[in-house]
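Below is one structure, written out as structure tokens; the observations come after it.
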Amino acid sequence: MMTRRFFVPLFCLALTALADETPTGPAVSFTEHLIADKYGYAYGVAAADLDGDGDLDLTSCDTRGDALYWFENDGRGMFQRHFIQADEAGWFERHAVGDINGDKLPDVVVVKNLHGHLVWFENSGRPADDKSWKRHVVTTDLKRAYDAALVDLNGDGRLDVAASAWNGNHIAWFANPGSNPDNREWKKEMIDPELAEARTIRVADFNGDGKPDILSTGRIANLTAWYEQTGVPDKPWKRHVIDDKSLQPVHGQPIDMDGDGDADVVMGLGMLAAEGQVETNQIAWYENVGQPGTGETWKKHVVGPLPFAFEAVAADLDGDRDLDIVATAWGGVGQLVWFENGGDPKAAWTLHLLKDKWPRANQPIVADLNGDRRPDIIATAENGANELRWWQNTGAIPVKDATTR
């Protein structure tokens, strides 16, 4: 049987720092660094070693500046900007990094929101050469393309692309054809043809059957759901509702929050919700109930209030072996925060403010940018800020080891 590949970006992994002793209080602090500013519209960021030198570089989009950048890391968190693609209209935004053509080099697949396209750029092995990235088309049929993830969905050993169309109100996947000398568009397979304002696309095995499932949200649909591959030809995907009562789910991540061996979900709720509305303007996590869970029953746990919550990701930021949550708040004020897990994710969390008055903060990721085995935070903010920043984890706890949970 073919082993299916789940491509999980590094920022989706919970970095667990193993310290000499269990810390008390927030045993972590962060130092803020500007990577780049004066974007036309900053949205989309990912971390990967693009040049093979052993440290993590960053990719980022200037949506209205018609550019897809990568930032070369010197190993200490200082960055030099290069172009993957310049002067291409169509609104580059969210993207994913992985080896699409099997040459063991990380490539970049990116949406073009305005034009409704998905394209990927082939890493030649000389990524610092701005002219060396080769452009390929995945599809031109994804109305207002929005989010993308890489995963082998058909078991052929190649990374396919799952993606959302936020104005097209659907989610779909595109089968990687492998050798494609004519650069033909990839075959499109619908996952859900009716999902009002489809947003998140992430991958996990929610029912423990060894096959990748898809996590998605519909902001206008007020739906957080996962989609199971059924193996039935006429109905290949089955929708399972995680939550259809909480308003305006936007972006989140599947991760095992309670350590019971199954995939839970963290989520930001309320991007455009009026303050005071119930069941929104908050960060929450959904427990995949059971030992382990099967994805059939979910219990919502509110982490804390966050007006205009946009995106949430989880990682062990303070080295106490449990998962904390990094989140952004959209809107004219905008915030980047982290919620400290006190040891029981079902109990009280402590809110820590990282950046206030950061208009339209959007995508956060977590990755170790300076090689000290402490998870750092990277985020972008769009209209009103239009910049890319990182927060260096300067926690005083000595880190002996770091593993993924």
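Note: hydrogens, waters and symmetry copies are ignored here, and every other heavy atom, side chains too, is used.
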Has [X] got a side-chain atom pairing as donor or acceptor with [Y]'s backbone, closer than 3.5 angstrom?
X      : Y      : answer
Asp57  : Asp49  : no
Arg199 : Thr217 : no
Thr280 : Ala273 : no
Glu387 : Ala42  : no
His95  : Glu93  : yes
Asn180 : Arg184 : yes
Asp324 : Leu317 : yes
Arg144 : Asn113 : yes
Asn288 : Asp264 : no
Asp318 : Val28  : no

Between [Y] and [X], is the closest basic N to carboxylate O distance under 4.0 Å?
X      : Y      : answer
Asp147 : Arg94  : yes
Glu287 : Lys299 : no
Asp205 : Lys211 : no
Glu88  : Lys112 : yes
Lys131 : Asp129 : no

What verdict does the side-chain contact (heavy atoms from CB on, under 4.5 Å) test give for Ile283 and Phe339, after you've listed the backbone C-alpha separation in whole Å, the side-chain angles of each residue and the deciding distance to 0.1 Å? CA-CA 9 Å; Ile283 301 300; Phe339 290 89; 3.6 Å; yes
Just so I know, are the side chains of [X] and [Y] near enough to count as touching, which here means a heavy-atom distance under 4.5 Å?
X      : Y      : answer
Glu340 : Trp349 : no
Leu150 : Ile100 : yes
Val119 : Val109 : no
Phe71  : Leu388 : yes
Trp173 : Trp237 : yes
Asp344 : Asp258 : no
Leu354 : Val337 : no
Asn341 : Ile325 : no

Please report the C-alpha distance between Arg219 and Glu197 in whole Å, then the side-chain angles of each, then the deciding distance to 0.1 Å, and finally whether the salt bridge (charged side-chain N to carboxylate O under 4.0 Å, His left out) criterion is met. CA-CA 6 Å; Arg219 188 188 69 86; Glu197 198 175 299; 2.4 Å; yes
Report the distance from atom [atom1] of [X] to atom [atom2] of [Y], rounding to the nearest 0.5 Å.
X      : Y      : atom1 : atom2 : result
Leu223 : Asp192 : CG    : CG    : 8.0 Å
Gln85  : Phe92  : CD    : CZ    : 5.0 Å
Ile378 : Ile35  : CD1   : CD1   : 7.0 Å
Glu382 : Gln363 : CD    : CD    : 11.0 Å
Lys355 : Leu353 : NZ    : CG    : 9.5 Å
Asn222 : Ser246 : CG    : OG    : 8.5 Å

Is a donor from one side chain sitting under 3.5 angstrom from an acceptor on the other, for [X] and [Y]?
X      : Y      : answer
Gln392 : Asp376 : no
Gln253 : Arg202 : no
Gln229 : Asp213 : no
Thr380 : Asn362 : yes
His240 : Glu228 : yes
Arg76  : Asn370 : no
Lys134 : Ser124 : no
Ser29  : Thr394 : yes
Glu185 : Thr140 : yes

State which residue, out of Asn123, Leu58, Val97, Asp51, fulfils the side chain to side chain contact (heavy atoms under 4.5 Å, CB included) condition with Trp70. Asp51
Report the relative orientation of the aromatic rings in [X] and [Y]; use parallel for angles under 30°, tilted for 30 to 60°, perpendicular for over 60°.
X      : Y      : result
Phe206 : Trp226 : tilted
His352 : Trp338 : parallel
Tyr43  : Tyr41  : perpendicular
Trp391 : Trp358 : perpendicular

Do the two ring centres, one from Tyr146 and one from His251, sit under 6.0 Å apart? yes
Answer yes or no: are there more than 12 heavy-atom neighbours, outside [X] itself, under 6.0 Å from its atom [atom1]?
X      : atom1 : answer
Asp87  : CG    : no
Glu296 : CD    : yes
Met78  : CE    : no

Of all heavy-atom pairs between [X] and [Y], which one has the smallest distance, and what is that distance?
X      : Y      : result
Asn386 : Gly40  : ND2-O, 3.6 Å
Val333 : Asp356 : CG1-OD1, 3.9 Å
Ser216 : Thr200 : OG-O, 2.8 Å
Ile201 : Ala162 : CG2-O, 3.5 Å
Ala381 : Ala361 : CB-CA, 3.8 Å
Met257 : Pro345 : O-CG, 3.8 Å

Begin with the C-alpha distance, continue with both residues' side-chain angles, and end with the deciding distance and a verdict on salt bridge (charged side-chain N to carboxylate O under 4.0 Å, His left out) for Asp141 and Lys188. CA-CA 8 Å; Asp141 180 25; Lys188 181 178 183 179; 3.5 Å; yes
Yes or no on side-chain contact (heavy atoms from CB on, under 4.5 Å) for Leu118 and Trp186, after CA distance, side-chain angles and deciding distance? CA-CA 10 Å; Leu118 269 174; Trp186 298 13; over 6 Å; no
Ring-face cation contact, Tyr69 with Arg81, 6.0 Å cut, 45° max: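 Yes, a cation-pi geometry holds between Arg81 and Tyr69.
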